[in-house]
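All values below were derived from every heavy atom in this structure, side-chain atoms included, with hydrogens, water molecules and symmetry-related copies excluded. When a ligand or atom number is given, it counts from 1 through the structure's own listing order. Not measured: the values here are computed from a predicted model.
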Amino acid sequence: MSDPRDHLCLALDTADADEARRMADLVGDSIQWHKVGSALAVQGGESLIKDLKEAGKKVFLDYKFHDIDQTVANAVSGAIRLGVDLLTVHAVVPVVRAAAKAKGDSATKIVAVTVLTSMDESDLEAEGWHEGAAALVRSRAQNAINAGADGVVASAQEAKMLRDLLNPSAFIVTPGIRPAGGEAQDQKRISTPASAISDGSNLLVVGRPILQAQNPRDAANSILEEISSALHY
Ligand code: C5P
């Protein structure tokens, strides 16, 4: 059975890089994967990433690139030079193609964000999409993989459908994870750690349930236990 820590990523959604460093210290060995998001990009993210890499951690760069081909290619090349292990682009075919081309044979994985887990059917309706989140996730995911993405980001509610749809090597990343009984906050398509793993998610992204816990390390450990209970490989 694999190490549950390979399947849990802490979203370092903190006010700045120093607070992120304190949080990374606090959770210690319980967390191997750290996610650095766009808020930290403008608040010390680059030096934080270097420190995390030096400490032997895996870094998920969640800047969700979405731009013209050349700009995406430059951003992806820069991220790879920083040594990140995983990065996000939006699931838009030319964007994914440009990212995959810039990645070349680097080991960094490129995952495509399908539909944010903070959006539900009514948000999509308001944007003119009437077939539901799952159908949109499905078509964006298939197109992104065909365009060269290593995997996709979606809610765990779509993980099973994606696991059946995509080839077994596709890396499925799922935010919107809430321990049983946890508060949803602004997330709308949520799942528990155990069901996300059972449905085939490779990496669970968890922020506030750990960041805002009285004891973040204990909160991480109890999520790791939930992950362990569902791991069969
Ligand atoms: O605090 P919480 O566990 O809701 O944090 C989830 C993290 O995952 C946030 O950093 C958010 O930006 C990110 N994310 C998401 N939905 C996506 C992609 C990323 O919630 N589809």
Side-chain angles (χ1 to χ4, degrees), residues 7-17 19-20 23-24 27 30-31 33-43 45 48-49 52 58-66 84 86-92 95-96 99 109-121 123-124 127 129 133-134 136-141 144 149-159 161-162 171-193 195-197 199 201-213 216 219-220 222-224 226-227:
H7 302 282
L8 176 61
C9 179
L10 173 60
L12 287 172
D13 294 329
T14 56
D16 57 35
E19 197 185 323
M23 186 52 69
V27 293
S30 298
I31 296 290
W33 276 94
H34 289 283
K35 183 170 87 72
V36 177
S38 52
L40 290 183
V42 289
Q43 286 169 112
L48 171 67
I49 290 165
L52 289 169
K58 298 235 181 196
V59 174
F60 172 11
L61 186 80
D62 188 22
Y63 288 1
K64 301 186 179 71
F65 299 133
H66 185 178
V84 306
L86 183 69
L87 66 85
T88 44
V89 299
H90 276 272
V92 175
V95 171
V96 176
K109 281 189 192 331
I110 293 180
V111 288
V113 179
T114 55
V115 177
L116 293 174
T117 42
S118 55
M119 296 186 77
D120 64 10
E121 315 287 315
D123 298 312
L124 294 171
E127 292 208 355
W129 178 263
L136 188 54
V137 168
R138 187 186 177 91
S139 73
R140 286 184 178 168
D150 298 297
V152 294
V153 185
S155 93
Q157 293 180 6
E158 290 104 34
M161 175 270 287
L162 291 171
F171 197 74
I172 299 177
V173 179
T174 53
I177 301 295
R178 291 294 178 266
E183 280 181 37
Q185 287 138 329
D186 55 357
Q187 298 285 18
K188 293 179 182 160
R189 303 192 337 274
I190 59 173
S191 296
T192 64
S195 69
I197 290 290
D199 288 345
S201 171
N202 297 99
L203 189 66
L204 280 51
V205 177
V206 181
R208 287 160 292 180
I210 295 175
L211 300 175
Q212 295 176 358
S222 88
I223 292 173
L224 288 170
E226 279 196 58
I227 290 174

Can you check whether V153 has an N/O within less than 3.5 Å of an N/O in ligand 1? no

Check each heavy atom of K35 against ligand 1 and say whether those closer than 4.0 Å belong to the side chain, the backbone, both or neither. side chain

Give me the atom names and distance for the closest heavy-atom approach of R189 to V137. NH2-CG2, 3.9 Å

Verify the neighbour count for atom NZ of K188: are there more than 12 heavy atoms of other residues, nucleotides or ligands below 6.0 Å? yes

Is it the case that the side chain of E158 and the backbone of S155 share a donor-acceptor pair, with hydrogens and angles ignored and the cut-off at 3.5 Å? yes

Specify the protein heavy atom at minimum distance from atom 20 (O) of ligand 1: its residue, its atom name, and the distance to 0.1 Å. Q187 NE2, 2.9 Å

Any atoms of ligand 1 less than 4.0 Å from a non-hydrogen atom of V206? List them with their elements. 3 (O)

Please could you name the atoms of ligand 1 that L116 approaches to less than 4.0 Å, counting only its heavy atoms? 17 (C), 21 (N)

Just so I know, are the side chains of K58 and L86 near enough to count as touching, which here means a heavy-atom distance under 4.5 Å? no

Is ligand 1 less than 4.0 angstrom away from at least one heavy atom of K64? yes

Note the single closest protein heavy atom to atom 9 (C) of ligand 1, along with its residue, its atom name and the distance in Å. D13 OD2, 3.3 Å

Can you name the atoms of ligand 1, numbered from 1 with element, that are less than 4.0 Å from a heavy atom of V205? 7 (C), 8 (O)

Check whether T192 reaches the backbone of S195 with its side chain - one donor and one acceptor, N or O, closer than 3.5 Å. yes

Counting only heavy atoms closer than 4.0 Å, does ligand 1 sit against the backbone of T88, its side chain, both, or neither? neither

For P209, state whether at least one heavy atom is located under 4.0 Å from any atom of ligand 1. yes

The closest protein heavy-atom partner of atom 3 (O) of ligand 1 is G207 N, 2.8 Å

State whether a side-chain donor-acceptor pair under 3.5 Å links T117 with Q187. yes

Give a yes or no answer on whether the side chain of N202 reaches the backbone of I172 with a donor-acceptor pair at less than 3.5 Å. yes

Looking only at atom types and distance, does a side-chain atom of S201 sit under 3.5 Å from a main-chain N or O of V173, one as donor and one as acceptor? no

Of the listed options Q212, Q185, R178, R189, closest to atom 4 (O) of ligand 1 (non-hydrogen atoms): R178

Take atom CD in Q185; do more than 12 heavy atoms of anything else shown fall under 6.0 Å from it? yes

Subset of ligand 1 atoms that lie under 4.0 Å from at least one heavy atom of R208: 1 (O), 2 (P), 3 (O), 4 (O)

If you scan protein heavy atoms around atom 8 (O) of ligand 1, the nearest is P175 CB, 3.4 Å

Min side-chain heavy-atom separation L116-K64 under 4.5 Å: yes

Looking only at protein heavy atoms, what sits closest to atom 15 (C) of ligand 1 is T117 OG1, 3.3 Å

